[in-house]
Peer 1: 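Got a structure here, written out as structure tokens. Questions coming.
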Amino acid sequence: MADLGINIDHVATIRQARMGIEPEPLYAASIAEQSGADQITVHLREDRRHIQLRDVKLLRQTIQTKLNLEMAATPEMISIAKTLKPDTVTLVPEKREELTTEGGLLLTRDMESSIKELKDAGIEVSVFIEPDLEMIKLADKIGADAVEIHTGKYANLTDANEIEEELKKIKKAAKLIKTAGMRIVAGHGLNYHNIHHLVKMEIFEEYNIGHSIIARAVFSGLAESVKLMKNLINT
Ligand code: PXP
């Protein structure tokens, strides 16, 4: 059984459009959990464009599954994480001008100290990287507990041969992550149509999905959207 992490950033995006109080991301987290989500994922961005510090604090107090905090490896964010203690921190790249996380994190040896600091605080550390074998080896060397493979390129491809090539790359990367003893996660751009190729590999332990689930929820409701995806990843 693979776990499903629901990224609720988009609920906060709608709230921030009016700078008001609805829709409430906490309600989304609660409905997602009641519908089978194994984890709630949020990205506290430097520009606070969607999720706010208040959301992360309240989620930490109220969710019953696991909290996965996506963040940049900055001193400010590391200090917030050490205080709030999410179950997992996923280190992601962050650029102010991007619409969403573009591309994986380029790991460097000096990130080892940030990873250690988080792990010493009892937090699992995952790194969001491209399906690149050298990056995966480095993730292992600098102490990552888990690797989330950036599936954005796969999700955006339309040519069947290119999709097949990218899937081969992802599979090879996933095998290396497993051999290295790290947890294997996939995320970004995954939806009700493209998830099955990854499910077929029977290697991923967790998927983090946001946009397609919240988009579907506009028409079908969040509970149904979460339940459907949960069924797809475990068939
Ligand atoms: N995983 C990571 C690390 C992300 O940055 C994002 C986007 O915030 C997601 C998963 C979810 O991506 P999507 O919203 O495209 O499903």
Side-chain angles (χ1 to χ4, degrees), residues 2-14 16 25 28-29 32 37-52 55-56 59 66-73 77 81 86-107 124-132 135-136 139 144-157 170 173-174 177 182-199 204-218 222 225-226 228-230 232-233:
D3 283 350
L4 175 61
I6 304 290
N7 182 313
I8 57 169
D9 293 352
H10 296 289
V11 176
T13 298
I14 300 172
Q16 295 311 108
D38 303 288
Q39 166 167 283
I40 302 301
T41 296
V42 288
H43 184 175
L44 185 63
R45 295 185 74 104
E46 189 195 4
D47 62 10
R48 304 291 193 268
R49 69 172 73 158
H50 39 54
I51 291 292
Q52 307 297 305
D55 300 326
V56 189
L59 284 167
K66 290 184 295 171
L67 177 63
N68 173 26
L69 178 62
E70 295 175 1
M71 55 175 241
M77 285 309 309
D87 298 276
T88 304
V89 156
T90 301
L91 296 176
V92 299
E94 206 174 289
K95 288 192 233 113
R96 270 188 181 256
E97 63 278 12
E98 68 192 356
L99 285 178
T100 180
T101 316
E102 290 167 3
L105 183 64
L106 293 176
L107 295 174
E124 182 198 45
V125 181
S126 178
V127 291
F128 183 50
I129 58 180
E130 296 293 325
D132 177 284
M135 270 296 141
I136 292 164
D145 299 300
V147 170
E148 180 169 336
I149 297 182
H150 192 309
T151 49
K153 182 174 176 202
Y154 158 64
N156 283 331
L157 290 172
I170 290 174
I177 297 164
M182 296 181 282
R183 222 158 55 74
I184 312 170
V185 183
H188 213 281
L190 298 177
N191 62 35
Y192 297 84
H193 307 288
N194 63 24
I195 190 82
H196 66 281
H197 284 304
L198 300 186
V199 172
F204 289 99
E205 295 167 78
E206 178 186 305
Y207 299 93
N208 283 304
I209 309 180
H211 190 264
S212 66
I213 290 176
I214 304 302
R216 193 180 188 96
V218 171
L222 185 56
S225 306
V226 171
L228 182 58
M229 186 57 85
K230 178 92 181 176
L232 291 181
I233 67 168

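Atoms within a ligand are numbered from 1 in the order they appear, just like the ligands themselves. Residue numbers count from 1 along this sequence. Model, not experiment: these values are computed from the prediction.
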Peer 1: If you measure every N/O of T90 against every N/O of ligand 1, is any gap under 3.5 Å?
Peer 2: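 Checking ligand 1 against T90, no N or O pair falls under 3.5 Å apart.
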
Peer 1: Using a 4.0 Å heavy-atom cut-off, which part of H188 comes near ligand 1: side chain, backbone, both, or neither?
Peer 2: both

Peer 1: Taking F128's backbone N and O only, do any of them form a donor-acceptor pair with H150's side chain (distance below 3.5 Å, no angle check)?
Peer 2: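 Flag not set: sc H150 to bb F128 has no pair under 3.5 Å.
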
Peer 1: For ligand 1, which atoms, with element, lie under 4.0 Å from some heavy atom of H10?
Peer 2: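 Those of ligand 1 that fall under 4.0 Å from H10 are 14 (O).
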
Peer 1: Taking atom types as modelled, find out whether E206 and N208 have a side-chain donor-acceptor pair closer than 3.5 angstrom.
Peer 2: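 Yes, a side-chain donor-acceptor pair sits under 3.5 Å.
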
Peer 1: Would you confirm whether T90, through its side chain, and S126, through its main-chain N or O, come within 3.5 Å as a donor-acceptor pair?
Peer 2: no

Peer 1: Any N or O on G187 sitting closer than 3.5 Å to an N or O of ligand 1?
Peer 2: no

Peer 1: Are a donor atom and an acceptor atom from the side chains of E148 and H188 found within less than 3.5 Å of each other?
Peer 2: no

Peer 1: Which atom names give the shortest non-hydrogen contact between Y192 and S225, and what distance separates them?
Peer 2: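 That would be OH-O, 2.8 Å.
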
Peer 1: Measure H150 to ligand 1 on non-hydrogen atoms and call it side chain, backbone, both or neither using the 4.0 Å cut-off.
Peer 2: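 The answer is neither; H150 stays 4.0 Å or more away.
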
Peer 1: Side chains of T41 and N68: donor-acceptor distance under 3.5 Å anywhere?
Peer 2: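 Side chains of T41 and N68: pair found under 3.5 Å.
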
Peer 1: Does any N or O atom in E70 lie less than 3.5 angstrom from one in ligand 1, N or O only?
Peer 2: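 So ligand 1 has an N or O lying under 3.5 Å from an N or O of E70.
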
Peer 1: Counting only N and O atoms by type, is there a donor-acceptor contact under 3.5 Å from the side chain of D9 to the main-chain atoms of H43?
Peer 2: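 Here the side-chain-to-backbone pair exists.
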
Peer 1: Mind running ring-ring contact (aromatic ring centres under 6.0 Å, His included) on H211 and H10 for me, showing each step along the way?
Peer 2: CA-CA 7 Å; H211 190 264; H10 296 289; 5.0 Å; yes

Peer 1: Has ligand 1 got any nitrogen or oxygen that is less than 3.5 angstrom from a nitrogen or oxygen of F128?
Peer 2: no

Peer 1: Go through ligand 1 atom by atom and flag the ones less than 4.0 Å from a non-hydrogen atom of V92.
Peer 2: 3 (C)

Peer 1: Which atoms of ligand 1 have any heavy atom of N7 under 4.0 Å away?
Peer 2: 8 (O)

Peer 1: Examine N208 against ligand 1 and note whether any of their N/O atoms are separated by less than 3.5 Å.
Peer 2: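 So ligand 1 has no N or O lying under 3.5 Å from an N or O of N208.
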
Peer 1: Look at ligand 1 and say whether S212 reaches it with a heavy atom at a distance under 4.0 Å.
Peer 2: no

Peer 1: If you count the atoms of ligand 1 from 1 in the order shown, which ones are under 4.0 Å from a heavy atom of H211?
Peer 2: 13 (P), 14 (O), 16 (O)

